Each structure stands twice: as structure tokens, then as C-alpha cells.
Amino acid sequence: MESISRLRAKLPDPMRRLADFAYNYWWSWTPDRVALFSAIDPGLWQCCRHNPVALLESVSHERLWQLAEDPHYLKRLYRLSHQLDCYLNEDNTWASRVAPMIPPEHPVAYFCIEFGIHESIPIYCGGLGVLAGGHLKSASDLGLPMVGIGLLYKQGYFRQWLNRSGWQEADYVDLDFSQLPMEKVCNEYGQPITVKVNIRQRLVKVQVWQIQVGRSVLYLLDTDLPENDAAARALTGRLYGGDLDTQMAQEVLLGIGGVRVLQALGIEPSIYHLNEVHAVFALLEIALQTREETGQSFEQIQALVRDLTVFTTHTPVPVGNVFSAELMTDFFAHYWPQLGLTREEFLALGARQPDQPWEPFSLVILALRLTRAANGVSRQHGHVSRQMWQALYPNRPVEAVPIGHITNGIHVRTWVAPLMADLYEDYLGRGWSTQLTNTELWNRVEEIPNEALWHRHSILKARLVAYTRDRVRQAREARGEADDDINAVGRLLDPQVLTIGFARRFSAYKRSDLIFRDLQRMSRILAHSKRPIQIILAGKAHPDDHQGKRIIQRLMEWSRHPDLRDRVAFIEDYDLYTTKLMVQGVDLWLNTCRRTFEASGTSGQKAALNGVLNLSVQSGWWCEGYQAGINGWEIGEALPDDRERQDAVDAESLYTLLERDIARLYYSRDRAGLSRGWLRMMKASIRTITPRFNTDRMVAEYVTQMYLPQPTEPPEPVLASVIA
Ligand SMILES: *Cc1c(COP(=O)(O)O)cnc(C)c1O
């Protein structure tokens, strides 16, 4: 705990506790989060991407002492300190009562290739990482002992900017680890703990960092050590940044290295949860360790490995996640003898037909064979997964394929706008955020006065408009655009206009170009004289995804049209912070993904929590969340395999809904200027969606259905031990 002590020593005496907040991301989901750090220096806070360690390292001593004599600030700090102590020390938690067999000495080990905890630590790309972050946070809130295992990427995920022709460019910036809220993990003599992993027949040394996420600890593996050669050092350079070979190397590092790190730390997990296939090589290492301990054959060990492991699949397509037998041999030739297997037996573990081990090696198949339980991430995705993998279970009907589902959720305390949380506090009652799954509590949303809800939402919307203008101005300045164009941001967006938010990864299956399938029609809809609509866009395409980049470029071209230039805005470099402002500030959240290709999706849940309505195709979570005529809209209908016609039908439906239903409803106002119909749907959306689509419910289901040896019904309501 060297870094935190160093920071503490630098702070004025009355302010020392700030170091504890800076080094525990718990601060980022407390209701008082806005004031704690940003009050120190709002400008600096923004410059350092809301990273409290960087802020406290660079703010002047004079400023810190100024606050140290401000009784209001100190009171707030002491109240929060007390809350943090209570939070960390609470031992009568939901999980301690429901799952006493998962004690702190034997936590759940949760493996994932990306973690989206906060914008200040950019080691995530999208939904998978954000889900993993929410999982750690809710585990902490429910009192479930959990450690995360991931990789620490020197350059994180790339930073996006658009050049003058609207083409996406990628910047890679080295993170300064010493300025991030994390500690290098050391042994009792202060020596960094390291492990060695054989990667492509070369030993790579790995060190470990730890990040505190409430009570959960996230361990991140890092190969950037002087003892390693350049290629090995670059292994943890970038998230999703390499060719197949690098991908394989990173996955070996995560899976095998991750299990070794746990061993080196003396952590014996109750259960290993492999979140998506990137981590499944962990299964081999668990087998190897078990073999070394017991001396049993691989055949006998399999059952032991299965007892300890569960697997979550996120991929709704059967392609991908396979490696050639050659590549497997390159990486594992030293490994199968240690497991007591021949090459054929080893390769058969990932083969669809065990007697044809020369097929590509499938990570999903390996995971399905060697874990105790597997799940998809929505009801629909569970079904799709059972169909996809039925061939592995030749004598079973689809419904008996052993892949269940647990629908993804969002960490509500992270995503709720403080202004909305305050309203929920008033009308749902104190402690509302400790019992998120209590539907009766959420029914009280109906009691929120229309004026109050509309007013708060209007503030959040105006805030988003201001933020968007700032970001677009910065982007135009960076591109060196003409002064007239830069100043035009003053006219960009209107807080009175119905606002659509559309933010996602730009990959083909998200069908981000569906909205401008008929450009003229969409333009007419946006520029309507009485019922105008505006749209805020954001999202990255993978640096190698030409098609995705082309979609962004077309959006940019389109947004420059004179009729649209004030109505369409693109925010560059989508991240957790931009998501937050968008899902809190728009009126309508749009999702046009190709059906069933999005396993769950979660951004629409963040929107619903904040009173934003969803307009989405029936895919993933929306199949479970949507109630016709009550809490949002459904785009189009599923057609048998005919993509061209499907796109046409969905686009037509989207345009019609916007023109005929959505804009009319939004703009039909009462004397006070409120849209009662819209407000009714806002309330219904909050009330019907939030109690179910949150990570408290999700983690509780993982506990009772996956982590406990026998699936059980939860014996008591889900309660979070958060200080409300
Ligand atoms: C929530 C979130 C996602 C997930 O969005 P979906 O499109 O619903 O899968 C992706 N990226 C970021 C930054 C998010 O916050």
C-alpha cells in the first residue's frame, strides 16, 4: 500500500481520508460523488479524466488548505468517511446469509479480458467490460467476496478522433500507471509478486496490480517488465489491438497467468467464473494444478475442474473464437504432456467431433466440456446458444442443452443521475437503492409529480446539450475547421427539441446505418417544422473495421448537410463518461441492431433508469423488458432470413414510429407545457424496467444458480449493503 501512503502523507492533515477515496472506486457510485473531487478543482478534474489520484497529485497545496478550512467540505468528507468505513466493515450482508459457503477466504474469481469500472481507467471497449465492472460493484454491494482477474493494457483501448474527411483515426497514449488509483502487488518484504507464463515456448514474467472496487479487488496482469523481451513486453500493450497470434497470447496470459497469480497470492477461489471465452485457458491451468496436487489422471481431474468452474457465453454467432490446430500446437506443445495427454487428446477438447481433433479448436466447446454450468446473457441469447451448441449433445432436444441464461443488468448506483437519485430518495424513500428488485417500491414512481420529473429531465438534457457543444467545438478546433464552422456550435442542438441518443460500437451487426437507409425521409423527419427531432451520436469502430469506419464517415457527411447541421451531433471518443451524460440526458434511446446478434445489450437499461424511453428492435434484453404501448417502442418485426427485406421493413417501421407516434406524443403538451403522455411512459419505463435489469438481481442470480453447488431459489429478497 505504498502509493496510497505516499498520497496520504502529501495531503493536509484534515484531508488525509481523501486518499482512501482516491484509491477505492467506491467513491464513484456514492450519491455524493459529484462534490467530493470536482469541488477541489473542476477544471483540473476534467483535464485528468476524473482520475482522483492524478487530481490530488497535481492540485496546489494552497487549494487543498483552502478546502481544509471549509467546514462544509470537511463535514461532507467526514460523513463520507464514516459511510466508507461502515460499508467496508459490514459483515451481515445478503451474500453472507445466502451463500456462507463463499467466505472471504475463498472468493469467487471472476475472469474477463476487459473491465469497465470508470472512465479514468480505460481498459474496456464496450458492453462486455461495462458488465464486468458492474458485476464487481454489485458483488461488493451485496457482500459477495469476489476478486476480478484481467489484463492491464499500457495503452488501454484506442482514443478516437475524426479527421477532416470524417474518417476515424486512432491515438494510442501510454497510461501513467503511477498516476492511476492502483497499487503494484508486493509480498511482505515489499518485493513485487510475479509469476511466469510460457507463451509460445518462451517464459514471460508477469507482475500484478490491484484496484479496489468497493470490497472487490481487481487484479490486473502486466508484462511490461525490463526482464521481458520487446514482444513479451508488448503483450499487454493494447486491448483488442493485435492479430490472431497476439489475441491467443493475451488469452493464454489471462487464463493461465490469471490462475497462477491467484496461486501466488494464496487465494483459493470457491469458484472460477469465466466471463466470455477469452479466459477459458484457465480451465487447463486449473486442471494442471489439480493434477500436480492429486497426481490423478486427466480423466479423473475433469470432474474436479468442473466442480470449480462456470462459464458465461456472450457470443451469439458460431464463427470466431476458434484457433487452428497449428496455432494451438505452437502455444501448447509443452503443455499437453504435463496434463498427461497426447496431442490428439488435447486437441479433441476443443473439437466438435472428438474423433476429429484436426478441426479448428473452439474455445466455447472447451468451456462447455470443462465447466459445471454455462449461461447466455438474456432469455433470447440462452435459446440461441442452446440451438448453436446442440450438436455437442447429440441425444438431447434443444431445450435440454445445458446452457441456461441470466439476463445482463446495469449497476444502478453508477448509472443513475444524482438529480434522479434525489427524486427517487424523495418518492421511493430513503434506502431505495438498497432494494432495487423490490417492484412495489418502484411502483411509487407514479407518485412523482409530473413537473418535478419533467424539470429534472430538462436540466439533464440541457446539460448534455452544453457538453455536446463543448466536445464538438473542441473537435472542430482540433481539425482546424473554419471559424464560421467552429462558431456554428452555438446553434447546434436545442434543449427544447425531442432528442435521440444513438451510441454504440460501430460494427456491422449494430446496423448503425439503418437510420439513413432513406436519407431524405430521415432528413425530413429531423427538420420537421412543428415537430423537429435531433440526434446525438457516439461510438467507435474497431481500428481494423473498415466497414464500421465507413459508416461513421457517412454519418459525418450526412450531418454536414445544411438542413441537418444543427440537428445531428457526433461526440468523439465515446467512453463511460459520455455514455453517462447521454443515457441521462436524451429523451429516446435508439437501438437498431440486427436481431439476435446482440446477445443482451445494456445501454437501453441505463437510459430507462433515468426516465429515457427505448425505441429498439426486439433483441437481447428488450425481448424481456418491452411492454407494448406501456414502456417504449418496438421497431419492425423479425422476418425469415432475408437481410435486405429485413432492413427495409425495419427502416420503414422506424420512420413511421418516429413520425406518427413518437414525435406527436412528445410534442402534445398541456397548458403547463408538459407532455402528459410522454411522462406516463417515462414513469412506466422506470417502474417496469429498473427492478429487473440491474446487476444486483443479476449477481444474486449468479450466486443462486451458478456459484452455489446446487441451484436454489433465493431464500430472501436481494439487499445491497450500501449506505443510502
Ligand atoms: C453500456 C455501454 C455499452 C453497452 O452498450 P450496448 O450497445 O447496449 O451493448 C458499450 N459501451 C459503453 C461505453 C457503455 O457504457
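In listed order, ligands and their atoms are each counted from 1. What you see is a predicted model; the values in this text were computed from it and never measured.
- The single protein non-hydrogen atom nearest to atom 15 (O) of ligand 1 is K606 NZ, 2.7 Å, given as residue, atom name and distance.
- Around atom CD of E557, more than 12 heavy atoms belonging to other residues, nucleotides or ligands sit under 6.0 Å away.
- Which parts of ligand 1 touch G601 is read off a 4.0 Å heavy-atom cut-off, strictly below it: atoms 8 (O), 9 (O).
- Distances shorter than 4.0 angstrom occur between a heavy atom of W415 and an atom of ligand 1.
- Numbered from 1 in the order shown, with element, the atoms of ligand 1 that lie under 4.0 Å from a heavy atom of R504 read 7 (O).
- Within 6.0 Å of the CD atom in E169, the count of heavy atoms belonging to other residues, nucleotides or ligands exceeds 12.
- Remark: minimum distance from atom 4 (C) of ligand 1 to any protein heavy atom is reached at G127 CA, 3.5 Å.
- Side-chain atoms of Y124 come within 3.5 Å of backbone N or O of L576 as a donor-acceptor pair.
- Those atoms of ligand 1 with a heavy atom of L576 less than 4.0 angstrom away are 15 (O).
- The distance criterion of under 3.5 Å between nitrogen or oxygen atoms is not met by Y124 with respect to ligand 1.
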Go through D513 and R550 one step at a time and tell me if the salt bridge (Lys or Arg N to Asp or Glu O under 4.0 Å) criterion holds. CA-CA 10 Å; D513 47 356; R550 180 74 191 116; over 6 Å; no
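- A salt bridge links D696 to R413: at least one charged side-chain nitrogen sits closer than 4.0 Å to a carboxylate oxygen.
- Closest to atom 6 (P) of ligand 1 among all protein heavy atoms lies S603 OG, 3.5 Å.
- Under a 3.5 Å cut-off, the side chain of Y655 and the backbone N or O of D518 do form a donor-acceptor pair.
- Nearest-heavy-atom check against atom 7 (O) of ligand 1 across K510, E119, K540 picks out K510.
- At least one N or O atom of T579, backbone or side chain, sits closer than 3.5 Å to an N or O atom of ligand 1.
- Other residues, nucleotides and ligands contribute over 12 non-hydrogen atoms within 6.0 Å of the CD atom of Q387.
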